[in-house]
Amino acid sequence: MKSSNLGYPRIGEKREWKKALEAYWSGKLEEEAFHAELKAIRLRNLKKQKEQGIDCIPVGDFSYYDHILDTATMFGIVPGRFGYEGGKPDLQTYYAMARGTREATACAMTKWFNTNYHYIVPELEDRQPQLTANRPLEAYREAKTELGIEGRPVIVGLYTFLKLSKGYTAEELESWIDRLLPLYGQVLRELETEGVEWVQIDEPILVTTLDQDEMKLVARIYDKLAKEAPGVKLLLQTYFEAVDYYKEVVALPVHGIGLDFVHDGGRNLKAVRELGFPSDKVLGAGLIDGRGVWRADLTEILETLNKLAEKVPADHIFVQPSCSLLHVPVSAAQEQGLEPTLREALAFAGEKLEEVALLAKGAHSGPDAIRSELDTSARSRQTLQQSPSRNRRQVHERMTELASQPSTRQGNVQTRREAHQKRWNLPLLPTTTIGSFPQTPEIRSSRQKWRKGEWSDAQYETFIQEQIKTWIGLQAELGLDVFVHGEFERNDMVEFFGEKLAGFAFTANGWVQSYGSRCVKPPIIYGDVEFTAPMTVTETVYAQSLTAAPVKGMLTGPVTILNWSFVRDDKSREEVAYQIALALRDEVEALEASGIGMIQVDEPAIREGLPLKREQGQQYLDWTVRAFRLCTSTVKDETQIHTHMCYSDFHNIIDSISALDADVISIETSRSHGELIESFEAYTYDKGIGLGVFDIHSPRVPQVEEIGLMIDRALRVLAPDQFWINPDCGLKTRKYEETIASLRNMVQATEQAREKYAVKA
Ligand SMILES: CN1c2c(nc(N)[nH]c2=O)NC[C@@H]1CNc1ccc(C(=O)N[C@@H](CCC(=O)N[C@@H](CCC(=O)N[C@@H](CCC(=O)O)C(=O)O)C(=O)O)C(=O)O)cc1
Ligand SMILES: N[C@@H](CCS)C(=O)O
Ligand SMILES: [Zn+2]
């Protein structure tokens, strides 16, 4: 039995990767030095896996930004607007696609399956794809020559790549398969010539709901690829769920099948046990959770391994994480600040690979060979389970009364709308922003000084108040209608709330890549969640005291806090969401009681948490809607509830979005070039809505005319008197000048639109 890994966090132990990218972009690091720095990080990552005794080490999973973007550029799939003329795209083109330039908007970015990682969406145009470089081969050679590692090149599978791309119709899918097949074939043939033994082909799309015709296309792809390079062994890797077409998948002409035995609802294991596994194939057994941070129950996993071994000979099994470790932080060993009960129960990428190696050893030599590790793992899980943090009486009592907790607003939409108009008398097409303003280096370093104790609480609070005051002034000057306080006191929209609610813990260095160089440090929900004291009232009330314009209170919603945290695994996610919802309701009520009339409860992560299986979607949506409503329904009619979502395709979930019953919702549309607007063509949405009119992820300043076009496009399907004007998302990642210029153009475009649409309202 071999130990195997599927992908390693690329960011480095201290986020060296992020710092290098940002230094390069800002011109502080020359291109040559940048390549050298990234190479050093890449090799360090590989070396660590080798030291941990992993037999099959992935190579080619490292990226300069995103692995889907890597795959697109490897095939010369570069949209014409970037001025690309063929050949290997240079670094400038690569980053232009990811980040946009003054001349060209960036490619769309969206969530990678149900994770908080974003990939760059490939845009297929008429140009014939070509192999511009063999990335997996380059990675393989580097690992071999530099470190003597016989790596396993990783490549995104053809079907997954195409399904995640846009720019083609359903009828054109097959022709795109035919265009890409020779290129995949060439990659594999070159790897074969090089003497590579195994190649990992990631096809996570196989765990989503596919129809039978699609499965036939997948079979056609692999029949062809198997013939292209018969000397190289293909590990067809799936993850994040069970495969629906188990029989068809294991019959594909490849040498190994990787299955997730953690997030499969037990279905992959059941399939192996009931339907068997081909004797000529290797099973990549994803047994260690690549998405969560908890130490594994090694005894239970050994039992699962024994069950698998009834159907698959031990020498045909790779023990591996359930997916790439891209989604977990690098190492828990450094987290000395955490309470020992919790720290002992954690496993990040480094510890997970130790577990993989241990399991391989235990399976090979018997459980006694790893007895003390088995005992330690069982003890640490048990100690956490019995800790007072998991047994908070008041939370348990409140949860038993859940059925009688209000989850419906008093008045209907129309009554509320009238109450709001009376209270604020906002103009047609009200302008607002999503919440955050630039988190400048000055703000971040001030927070750092305060955290280190170099600044007193009072000093930090005064500093934050100054920021709020400046931006209230700027919003007034810009002529916005509904203000925000700017979120300057927040490190992150989830981490900030986690720090203030009971039941959460924080790492010092538990970073995970979110998009590009941007990382997040997900809080760890390890206990029962409880409100302890108001979290946002001081800053919001202060901001409101400076202006007559309404200031929106700004909270992160229960589902987003859940989905962007690492969550305890002894309770259902639904139950944890309700605990968070009830805690946040206390904050909503505290804001209302302090005179805040508009409260925004952000839920950008609702869509990404949608189960990958279509049939499980509605149940998830029902409980997420309930959680949101538990949190927001106790306010008076004259209080306006806003929500916000970004990055996603909402076509199939509009009913649930409407069921949130938020008075106003703001949604991303600009990076997806307005595609979402079509969803409203056949839908009567009866509440306020702002479809983002410019992309905040790009440093590019949108022009008045472009914003005007976005507004026009939206107003073809939405009524002017329900439409709000706002950017796609918060402005925390933007620079001061970009923010001011963009908002100025947004307000100007709105003024023009008001004249144009006034009569129609
Ligand atoms: C809206 N988005 C979010 C997602 N998930 C979240 N959990 N939060 C989100 O906001 N998912 C979808 C999107 C993804 N978008 C983003 C946008 C921006 C970021 C981002 O800016 N990340 C920052 C880290 C933010 C943070 O916590 N900053 C800390 C400072 C931590 C730090 O860097 N410290 C430095 C020293 C700083 C100094 O001295 O100046 C250090 O430790 O070395 C803070 O503000 O206190 C990033 O830097 O990547 C992420 C996702
Ligand atoms: N209020 C948050 C939402 C981000 S999704 C912000 O503006 O950054
Ligand atoms: Zn957002």
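Both ligands and their constituent atoms are indexed starting at 1 by order of listing. Computation of the quantities below employed the complete heavy-atom set of this structure, encompassing side-chain atoms and omitting hydrogens, waters and symmetry-equivalent molecules.
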Atoms in ligand 1 flagged as close to [X], the criterion being non-hydrogen separation under 4.0 Å:
X    : result
K111 : 11 (N), 12 (C)
T733 : 17 (C), 18 (C)
V520 : 5 (N), 6 (C), 7 (N), 8 (N), 50 (C), 51 (C)
K18  : 47 (C), 48 (O), 49 (O)
K732 : 9 (C), 10 (O), 17 (C), 18 (C)
Y515 : 14 (C), 15 (N), 16 (C), 17 (C)
R15  : 32 (C), 33 (O), 34 (N), 35 (C), 41 (C), 42 (O), 43 (O), 48 (O)
K19  : 43 (O)

With sequence neighbours left out, write down each residue that passes salt bridge (charged side-chain N to carboxylate O under 4.0 Å, His left out) with E37, or none if nothing qualifies.
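Salt bridge (charged side-chain N to carboxylate O under 4.0 Å, His left out) check on E37 returns nothing, list empty.
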Atoms of ligand 2 close to [X] [distance to a heavy atom under 4.0 angstrom, numbered from 1]:
X    : answer
M554 : 1 (N)
K732 : 8 (O)
P604 : 5 (S)

Under 3.5 Å between any N/O of W564 and any N/O of ligand 2: does that happen in this structure?
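It does not: no N or O of W564 is found under 3.5 Å from an N or O of ligand 2.
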Of the backbone atoms (N, CA, C, O) and the side-chain heavy atoms from C-beta on, which set of [X] has a member under 4.0 Å from an atom of ligand 1: side chain, backbone, both, or neither?
X    : value
H118 : side chain
S445 : both
E22  : neither

Which heavy-atom pair separates [X] from [Y] by the least distance, and what is that distance?
X    : Y    : value
S565 : V494 : OG-CG1, 3.8 Å
A581 : L630 : CB-CB, 4.1 Å
D602 : M554 : OD2-SD, 3.8 Å

Would you say E487 touches ligand 2, if touching means a heavy atom closer than 4.0 Å?
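Contact check E487 vs ligand 2: positive.
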Rounded to the nearest 10 degrees, what's the angle SG of C646 makes with SG of C729 at the Zn ion (ligand 3)? Could you check?
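For SG of C646 and SG of C729, the angle centred on the Zn ion (ligand 3) reads 110°.
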Between W112 and F240, how do the two ring planes meet: parallel, tilted or perpendicular, split at 30° and 60°?
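Rings of W112 and F240: perpendicular, as their planes differ by over 60°.
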Nearest non-hydrogen atom to atom 37 (C) of ligand 1 belongs to which of Q448, E487, K14, K449?
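Of the listed residues, Q448 has the closest heavy atom.
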Between E608 and W564, do the side chains contain a donor N or O and an acceptor N or O under 3.5 Å apart?
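A donor-acceptor contact under 3.5 Å links the two side chains.
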Donor on one side chain, acceptor on other, K14 and N509, under 3.5 Å:
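K14 vs N509: no donor-acceptor pair found between side chains.
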Yes or no: does C519 have any heavy atom under 4.0 Å from an atom of ligand 1?
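The answer is yes, since C519 has a heavy atom less than 4.0 Å from ligand 1.
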Give yes if a backbone or side-chain nitrogen or oxygen of W564 is under 3.5 Å from a nitrogen or oxygen of ligand 1, and no if not.
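No - when backbone and side-chain N and O of W564 are compared with those of ligand 1, no distance drops under 3.5 Å.
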Consider every N or O of D492 and every N or O of ligand 1, then say whether any pair is closer than 3.5 Å.
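Between D492 and ligand 1 (N or O atoms, distance only) the closest approach is under 3.5 Å.
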With side chain to side chain contact (heavy atoms under 4.5 Å, CB included) as the test, pick out the partner of I641 among V664, D663, L660.
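Of the listed residues V664, D663, L660, the side chain to side chain contact (heavy atoms under 4.5 Å, CB included) partner of I641 is D663.
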Kindly indicate whether a cation-pi arrangement holds for K352 with F348, taking the cut-offs as under 6.0 Å to the six-membered ring centre and within 45° of the axis.
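Because its charged atom misses either the 6.0 Å distance or the 45° angle limit, K352 does not stack over F348.
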W294 six-ring face occupied by R568 cation (under 6.0 Å, within 45°):
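No, R568 does not sit over the ring of W294.
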Between Y515 and H697, ring centroids under 6.0 Å:
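Centroid separation for Y515 and H697: below 6.0 Å.
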Does E454 pair with K449 as a salt bridge, N-O distance under 4.0 Å?
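Salt bridge flag = no for K449 with E454.
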